[in-house]
Amino acid sequence: MPLISASHPGELIAAVFTPWIIAGIALLICFFASYLTALSWADLTYVLPATAFGNVIVALLSRFWLNEPISLYRWAGIVLITLGVGFVAQGPSLTERPASLPKGRPEGQLGNVLESRVEQQTEVSR
């Protein structure tokens, strides 16, 4: 395998366009899109614990599935991240939890749009 460095730009470009790298970039784009979508729906106090749990999953899979050695410093970092996420998750939340809705009332953003249109049509017909 040839040396991949800035002094060999052709090899560097060829390395970026390998199928595994392209798949990784595509998955990263999907992750960021879903993360931004989740943040648009809920506060950080809800989204961060779900995504930060990935650090623990990756460490455990690395250790037990790939048999990689994980240093004490990395375990300490994972514990610190988990404690920090727990600290953030205990903070105030602006995300509203939906109360139990009466029967026949649509839920969510689409329901609010439908409800406002019904009100507008009722006002127009008066």
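Numbering starts at 1 and runs along the sequence shown.
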Value rounded to 0.5 Å, distance of [atom1] in [X] from [atom2] in [Y]:
{"X": "R74", "Y": "R63", "atom1": "CZ", "atom2": "CZ", "value": "11.5 Å"}
{"X": "F17", "Y": "L12", "atom1": "CZ", "atom2": "CG", "value": "10.0 Å"}
{"X": "L80", "Y": "Y73", "atom1": "CG", "atom2": "OH", "value": "13.0 Å"}

How about CG on L72, more than 12 heavy atoms from neighbouring residues, nucleotides or ligands closer than 6.0 Å, or not? no
Find out if a path of hydrophobic residues (ILVMFWY) with successive side-chain heavy-atom gaps under 4.5 Å connects [X] to [Y].
{"X": "I81", "Y": "V58", "result": "no"}
{"X": "V85", "Y": "L39", "result": "yes"}
{"X": "V16", "Y": "I29", "result": "no"}

I'd like to check T18 versus I22 (side-chain heavy atoms, cut-off strictly below 4.5 Å). Are they in contact? no
Beyond-backbone contact of I78 with V56, side-chain heavy atoms, under 4.5 angstrom: yes
Stepwise, does the side chain to side chain contact (heavy atoms under 4.5 Å, CB included) test hold for L36 with W41? CA-CA 9 Å; L36 289 175; W41 291 338; over 6 Å; no
Minimum-distance pair of heavy atoms, taken over all atoms of I70 and S62: CD1-CB, 4.3 Å
Could you check I21, L28, L27 and say which one makes a side chain to side chain contact (heavy atoms under 4.5 Å, CB included) with I25? I21
Pairing residues for F53 by the ring pair (Phe, Tyr, Trp, His ring centres under 6.0 Å) criterion, not counting sequence neighbours: none
